[in-house]
Amino acid sequence: MKLLVVGSVAFDAIETPFGKTDKILGGAATYITLASSVLGVESGIVSVVGGDFPQADLDMLSNRKINIEGIEIVKEGKTFFWSGKYHNDLNSRDTLVTEVNVLEHFDPKIPDSMQDAEVLLLGNLHPGVQLSVLEKMKNKPKLVILDTMNFWMDSAWGILMEMIAKTDVISINDEEARQLSGEYSLVKAAQKIHTLGPKYVIIKKGEHGALLFHEGKIFSIPALPLEVVFDPTGAGDTFAGGFGAHLAKTGDFSFENMKAAIIVGSAMASFTVEKFGTERLETVTNEDLKNRINDFKNLTSFEVAL
Ligand code: AMP
């Protein structure tokens, strides 16, 4: 199955306790599709960049068989720019700069070659843009996955609710789940979010793993304890990319297979945090991924003889 991805393709400047970058390649759609390319899934991006966006980065994406026909280039415009600084615990960060630039008047266009995508992954963007992509698909996708953030809850609540109502799987962090539902307990939060539309609710807990909720069932996984955590930027997007790509690859949207997809997403995200930006993700092989999934298995399997 094909995976259509909507989201930012961006420049990021990142500061962590371990170092600092100038403008480097970033953006939600970039991380998502790089992750899906490790699984060999046919994916395509719908996004927009400015005339300042390097051809070398576009080539890097298309060399990985990522369809970039849906990336509009506004020659006279500037690419979306985000800058953030992480605190010492790496769990929280301050956004220093957000320059929306060409994303401000983005009118997404889906290339014909991606109109038949069965899985639609709506990366973090204005919910109005996410909704318009869903509406522009001539064939309704079989699965709609939504990533969003507290920023849109504060600034675009009504249209976000409309978008969530049309979503099958929502992926948010614990703080966002609490804000969206008004509940502190994550179990109660997930129950409330189900009533807004999504049959599947994923709640990410950073270095504490993730939870999947569906029809009263809960699946929980830890995050891999890593020796090196260098830069968490894009971890959530990489997670969503690994998750969505596994579902597109297998074509199986059952709860059991979503459990597997969550493991794939987490394993993939564990690579992203090891280096700045997309640097590590760009070199991950299928073999690396298999080994890391095995690490997950070893970490979580045990027997108890009483
Ligand atoms: P994450 O660390 O998973 O939250 O994702 C970080 C990526 O999101 C960065 O590469 C940014 O370029 C991108 N990003 C940050 N803020 C926004 C925004 N308001 N809209 C779209 N993309 C954003």
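Both ligands and their constituent atoms are indexed starting at 1 by order of listing. Just so you know, these numbers use all the heavy atoms, side chains as well, and skip hydrogens, waters and symmetry mates. The shown structure was predicted, so the numbers you read here are calculated from the model rather than taken from an experiment.
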Interatomic spacing from CG in Leu122 to CE in Met163 - rounded to 0.5 Å: 5.0 Å
Protein contact to atom 14 (N) of ligand 1 [nearest heavy atom, distance to 0.1 Å]: Phe80 CE2, 3.9 Å
CE-CD distance between Met114 and Glu69, expressed to the nearest 0.5 angstrom: 9.5 Å
Test of ring centre spacing under 6.0 Å for Phe53 and Phe11: yes
Contact partition for Phe151 relative to ligand 1, non-hydrogen atoms under 4.0 Å: neither
Close-contact set for ligand 1 against Thr233 heavy atoms, below 4.0 Å: 2 (O), 6 (C)
Nearest non-hydrogen protein atom, atom 16 (N) of ligand 1: Trp82 CD1, 3.7 Å
Minimum-distance protein heavy atom relative to atom 6 (C) of ligand 1: Asp237 OD2, 3.7 Å
Where ligand 1 meets Gly236 - atom numbers and elements under 4.0 angstrom, heavy-atom basis: 3 (O)
Contact (N/O only, under 3.5 Å) between Gly26 and ligand 1: no
Under 3.5 Å: N/O of Trp152 near N/O of ligand 1: no
Flag for Ser171-Asp147: side-chain donor and acceptor within less than 3.5 Å: no
Identity and distance of the protein heavy atom lying nearest atom 9 (C) of ligand 1: Asp12 OD2, 3.1 Å
Parallel, tilted or perpendicular, as decided by the 30° and 60° cut-offs, for the rings of Phe230 and Phe276: perpendicular
Polar side chain donor-acceptor pair, Ser181 to Arg178, under 3.5 angstrom: no
Distance-only donor-acceptor check, side chains Asn67 and Ser113, under 3.5 Å: yes
Aromatic Phe255 / basic Lys217 pairing, under 6.0 angstrom, 45° off normal: yes
Between CZ on residue Arg64 and OG on residue Ser43, distance to nearest 0.5 Å: 10.0 Å
Separation of Leu134 CG from Thr167 OG1 (nearest 0.5 Å): 8.0 Å
Part of Arg93 within contact of ligand 1 (heavy atoms, under 4.0 Å): side chain
Residue, atom name and distance, where the atom is the protein heavy atom closest to atom 22 (N) of ligand 1: Ser8 OG, 2.8 Å
Contacting atoms of ligand 1, where contact means under 4.0 angstrom from a heavy atom of Ala10: 12 (O)
Sub-4.0 Å atoms of ligand 1 with respect to non-hydrogen atoms of Tyr31: 10 (O)
Subset of ligand 1 atoms that lie under 4.0 Å from at least one heavy atom of Gly27: 9 (C), 10 (O), 12 (O)
Any N or O of Met149 closer than 3.5 Å to N or O of ligand 1: no
Residue Asn124 vicinity, atoms of ligand 1 by number, heavy atom under 4.0 Å: 20 (N), 21 (C), 22 (N)
